[in-house]
*Asks:* 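Here it is, the structure in full.
When reading the values below, keep in mind they use all heavy atoms of this one structure, side chains included, and skip hydrogens, waters and symmetry mates.
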Amino acid sequence: VQLQASGGGLVQAGGSVRVSCAASGTFNAYTIAWFRQAPGKEREFVAAITRNGGTTYYAASVKGRFTVSRDNVKQTTYLQMNSLEPEDTAVYYCALDRRQSWGMNDYSVASFYTYWGQGTQVTVSS
């Protein structure tokens with residue numbers, strides 16, 4: 001599976017940005033998640049979406065501000081980020097896995113995902 005991330009950049013606090021991740025392969029077979037890693041910090045879960053897009057999960061820190069979606073025809077996942085805060089500054093990664101069975105708490109576990117994008121930088125200025 002090849003993943004190509006795009007979007008991100010520099011944005012002011014309170015602003016919005018969208019990052020995308022295009023994938024090869026049988027896209028609708030994959031559960032998708034977004035993680036982020038800020039300098040000096042561990043990688044953390046941001047959001048996840050099930051194979052058919054019917055269910056989404058969010059970290060408490062982004063719920064209500066971020067929206068994860070997927071287009072199985074375009075084979076692309078999106079993370080729309082609104083009301084951005086300086087604390088959202090990080091490299092954002094998409095991650096995919098074909099695992100069939102997921103517990104509710106599994107989506108946030110980075111080690112459960114096999115395929116990772118190269119990451120895209122989002123910097124929020126105050």
Side-chain angles (χ1 to χ4, degrees):
V1 175
Q2 303 292 322
L3 299 173
Q4 181 64 48
S6 60
L10 177 64
V11 61
Q12 288 188 334
S16 299
V17 71
R18 188 178 78 166
V19 293
S20 304
C21 185
S24 62
T26 309
F27 187 74
N28 59 7
Y30 296 97
T31 295
I32 295 169
W34 287 90
F35 290 78
R36 67 185 181 185
Q37 188 165 19
K41 295 187 177 181
E42 293 186 354
R43 190 169 298 189
E44 65 172 354
F45 171 75
V46 176
I49 186 167
T50 53
R51 291 191 297 272
N52 64 2
T55 305
T56 55
Y57 301 88
Y58 295 95
S61 59
V62 306
K63 196 168 186 179
R65 299 189 296 124
F66 290 13
T67 302
V68 60
S69 62
R70 65 190 295 163
D71 186 329
N72 285 347
V73 174
K74 294 182 178 180
Q75 303 208 159
T76 302
T77 179
Y78 306 96
L79 184 67
Q80 177 68 42
M81 299 181 275
N82 300 327
S83 302
L84 283 161
E85 304 166 353
E87 293 74 23
D88 296 316
T89 295
V91 177
Y92 284 75
Y93 299 90
C94 61
L96 279 65
D97 200 86
R98 292 182 63 114
R99 185 178 176 192
Q100 295 297 305
S101 179
W102 293 79
M104 185 178 299
N105 294 326
D106 293 346
Y107 294 95
S108 62
V109 180
S111 61
F112 285 175
Y113 294 88
T114 302
Y115 305 104
W116 289 80
Q118 82 277 20
T120 185
Q121 178 71 45
V122 174
T123 302
V124 184
S125 63
S126 58

*Asks:* For Ala22, does its backbone N or O pair with a side-chain atom of Gln75 as donor and acceptor, under 3.5 Å?
*Replies:*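 Pair absent, no side-chain N/O of Gln75 close to backbone of Ala22.
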*Asks:* Residues in side-chain hydrogen bond (donor to acceptor under 3.5 Å, both in side chains) with Thr50, at least two apart?
*Replies:*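 Asn52.
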*Asks:* I need the Arg51 CZ to Thr26 OG1 distance, nearest 0.5 Å.
*Replies:* 12.0 Å
*Asks:* Between OG1 of Thr77 and CG of Asn72, what distance do you get to the nearest 0.5 Å?
*Replies:*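 Rounded to the nearest 0.5 Å, the OG1-CG separation comes out at 9.5 Å.
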*Asks:* Tell me every residue that passes side-chain hydrogen bond (donor to acceptor under 3.5 Å, both in side chains) with Asn105, counting only those two or more places apart in sequence or in another chain.
*Replies:* none
*Asks:* Under the 4.5 Å side-chain heavy-atom rule for ILVMFWY, direct or indirect, which residues accompany Val11?
*Replies:* Val1, Leu3, Val17, Val19, Phe27, Tyr30, Ile32, Trp34, Val46, Ile49, Tyr58, Val62, Phe66, Val68, Leu79, Met81, Leu84, Tyr92, Leu96, Tyr115, Val122, Val124
*Asks:* Restricting to pairs with a member in residues 117-126, which pass side-chain hydrogen bond (donor to acceptor under 3.5 Å, both in side chains), not counting sequence neighbours?
*Replies:* Gln121-Thr123
*Asks:* What's in the same ILVMFWY side-chain cluster as Leu10, cut-off under 4.5 Å, chained through other members?
*Replies:*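 Grouped by the 4.5 Å side-chain rule, Leu10 forms a cluster of one, so the answer is none.
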*Asks:* Excluding sequence neighbours, so at least two apart, what forms salt bridge (charged side-chain N to carboxylate O under 4.0 Å, His left out) with Arg99?
*Replies:* Asp106
*Asks:* Take a 6.0 Å sphere around CD of Glu85 and say whether it holds more than 12 heavy atoms from other residues, nucleotides or ligands.
*Replies:* yes
*Asks:* Salt bridge (charged side-chain N to carboxylate O under 4.0 Å, His left out): which pairs involve residues 9-20, sequence neighbours left out?
*Replies:* none
*Asks:* With sequence neighbours left out, which residue pairs that include part of residues 30-41 fulfil the salt bridge (charged side-chain N to carboxylate O under 4.0 Å, His left out) condition?
*Replies:*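 Passing the test, one end in residues 30-41: Arg36-Glu44, Arg36-Asp88.
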*Asks:* Test of understanding: with ring pair (Phe, Tyr, Trp, His ring centres under 6.0 Å), list the residues that count as partners of Tyr78, not counting sequence neighbours.
*Replies:* none
*Asks:* Which pair of non-hydrogen atoms, one from Asp71 and one from Lys74, has the smallest distance, and what is that distance?
*Replies:*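 In terms of heavy atoms, the two residues are closest at OD1-N, 3.0 Å.
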*Asks:* Can you list the residues that meet the side-chain hydrogen bond (donor to acceptor under 3.5 Å, both in side chains) rule with Thr114, with sequence neighbours excluded?
*Replies:* Asp97
*Asks:* Tell me every residue that passes side-chain hydrogen bond (donor to acceptor under 3.5 Å, both in side chains) with Trp116, counting only those two or more places apart in sequence or in another chain.
*Replies:* none
*Asks:* Checking the side chain of Arg70 only, and the main-chain atoms of Gly53 only, is there a donor and an acceptor separated by less than 3.5 Å?
*Replies:* no
*Asks:* Quick check on the 6.0 Å ring-centre criterion: do Tyr113 and Phe35 meet it?
*Replies:*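 Close enough - the centres of the two rings lie under 6.0 Å apart.
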*Asks:* How would you list all residue pairs meeting disulfide (SG to SG under 2.5 Å) that involve residues 84-126, not counting sequence neighbours?
*Replies:*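 Pairs touching residues 84-126 that pass the test: Cys21-Cys94.
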